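Note that ligands are numbered from 1 as they come in the structure, with each ligand's atoms numbered from 1 the same way. Computed from a prediction, not measured in an experiment: that's the story for all the values here. Side chains included, hydrogens not; waters and symmetry mates left out as well; all remaining heavy atoms used.
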Amino acid sequence: MNAACEAARTAYPLWSRTPWPVRADYLKKFGQEVERNEKGLARIVAQESGKALAEARADVVEARHMLEYAASFGRNAIGNIIPSEVPKKFAFTLRVPIGPTASISPWNFPIAIPTWTWAIALVAGNTVVFKPSEDTPLCGQKLAEIASRVKFPKGVFNLVHGNAQTGKALVRHRAIKNIVFTGSFGAATWIQTESIRLGKLCATEAGGKAGIVITKSANMDIAVDAALKGAYKTTGQRCVSASRFIVDEEIADEFTARFVAETKRTIRVGNPLSPETTMGPMINENGLKKVERFNAMVRRAAKIERSGITILLDGARARKGMLRHGNFLTPFIYRVDKYNSRFLPTQEEVFGPHIAIIPYRSGQWRQAFKIHNDTPYGLAGAIVSNDFEEVFDFITLTSEIGVRYANLSSVGAEVQLPFGGLKRSGNNKPSGAGILPHVTHTIAATINFGKEVVLPQSLGKK
Ligand code: UN1
């Protein structure tokens, strides 16, 4: 790791002075290589992260989109011309890189999310030390192999493997000036604190507890489809996974019946490489145990009289055939008829197929929005409604989340939009299209073309 950070430091001066369009060409080639290797990469994603094959392919496609998008920055404006009150003074802004950048990325999008953190950073002139998750090292390795095929100058793109200990050492290394991180809230908080202490910059993306509000006017087909896609993609292990469906009580029974029936009909837990599989395993034993702990909490609560909690589909470890050897879990769905802010399973990120259906008093959609916002997280969420006012209010006024959807699911972000959350979901520095300001400094530059020094604010000639 020390060698990687020193290499990034040594390569930085030359790379940061390389023209943007030249740097962008490397990213363009990177994108082409990813496209050429799409099938092979997707297979590795499925094998290593457990995502179903179609989703694994989407992960690779999203990475290519990010690389193409980053490359486009090579031929874009990188600043503004700004008027000055002093004649013959020319003022403008310029984006300059920050320095060697640590990129620490998670296993749930092992090809796409790394590119979110380093593709634009590289085009902008930063050198990178990339640490993939210890759960998906081969995906990280494959990205580094592509980096060496596109022949970045030595030291521009570096890879280190390791766990949290490596990550911590990387954050603390004196060559590193900026950290771009996606992962857990705990790790994000540590990085933010440590960055302040060491005078570094950082952009963090942390967890979520996405909800979908379904009002009386909702198109029920959209509601059920959005719910299924939000709940089960990546086995509920997306930071945008929907785990709370807040439904008008008048349609709650219909929604519940259809959602549970569709879950049983369409969710096939199994080998991610098999085309019938719609839900692969949990990433590891710890991830599985965390979901089981939350499932057990709900089971305990359901036994208490008048708790208002009913289990609709009891999830468990899959025991069929070979599945018992892996971290396979089936969906857990419950209904919460007496909503309570202190009930941890509807507050905390569970990161798995653990779903609460929460009915609200009919017509009281503002109440539903309150429940929607009633978590410490604020990443993504959605409303399903055919009422203009409800949609307008949710999207523009009320919801406390960074990625807002209407008549869609909470998953499915695209790279050309900013991606980031409020509250515990990060430090307000979105990635995706939002990352450029966090991998560059915006410099104010002023050039005098006159023969005397004239100051603004009428300080004039004296
Ligand atoms: C994440 O959940 O960790 O919006 C990222 C989506 C993906 C990215 C999710 N494009 O579902």
- Query: Salt bridge or not for K429 and E205, using N-O below 4.0 Å?
  - Reply: no
Which residue and non-hydrogen atom of the protein lie closest to [atom], and at what distance in Å?
atom                    : result
atom 8 (C) of ligand 1  : W116 CH2, 3.7 Å
atom 11 (O) of ligand 1 : R238 NH1, 2.6 Å
atom 6 (C) of ligand 1  : G412 N, 3.2 Å
atom 10 (N) of ligand 1 : E62 OE1, 2.8 Å
atom 3 (O) of ligand 1  : C239 SG, 2.7 Å
atom 5 (C) of ligand 1  : F109 CE1, 3.6 Å

Answer side chain, backbone, both or neither: which part of [X] comes under 4.0 Å from ligand 1, heavy atoms only.
X    : result
I113 : side chain
K233 : neither
T182 : neither

- Message: So for ligand 1, is N108 a polar contact partner (N or O within less than 3.5 Å, distance only)?
- Response: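 So ligand 1 has an N or O lying under 3.5 Å from an N or O of N108.
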- Query: Do any N/O atoms on F419 end up under 3.5 angstrom from N/O atoms on ligand 1?
  - Reply: no
- Which atoms of ligand 1 are found less than 4.0 Å from any heavy atom of V240?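 Here the atoms of ligand 1 in question are 2 (O), 4 (O), 6 (C), 9 (C), 11 (O).
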- Message: Show me which atoms of ligand 1 lie under 4.0 Å from any heavy atom of V411.
- Response: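 With V411 as reference, the close atoms of ligand 1 come out as 4 (O), 11 (O).
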- Query: Under 6.0 Å between ring centres, would you say that holds for W365 and F394?
  - Reply: no
- Would F259 and F255 count as a close aromatic pair, with their ring centres under 6.0 Å? yes
Mark yes or no for whether [X], through its side chain, and [Y], through its backbone, hold a donor-acceptor pair below 3.5 Å.
X    : Y    : answer
N126 : G99  : yes
N407 : N386 : no
E390 : T215 : no
K51  : M279 : no
T398 : F369 : no
W118 : T101 : no

- Query: Can you tell which of G230, G432, S241, A413 gets a heavy atom nearest to atom 4 (O) of ligand 1?
  - Reply: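 Ranked by closest heavy atom to atom 4 (O) of ligand 1, first place is A413.
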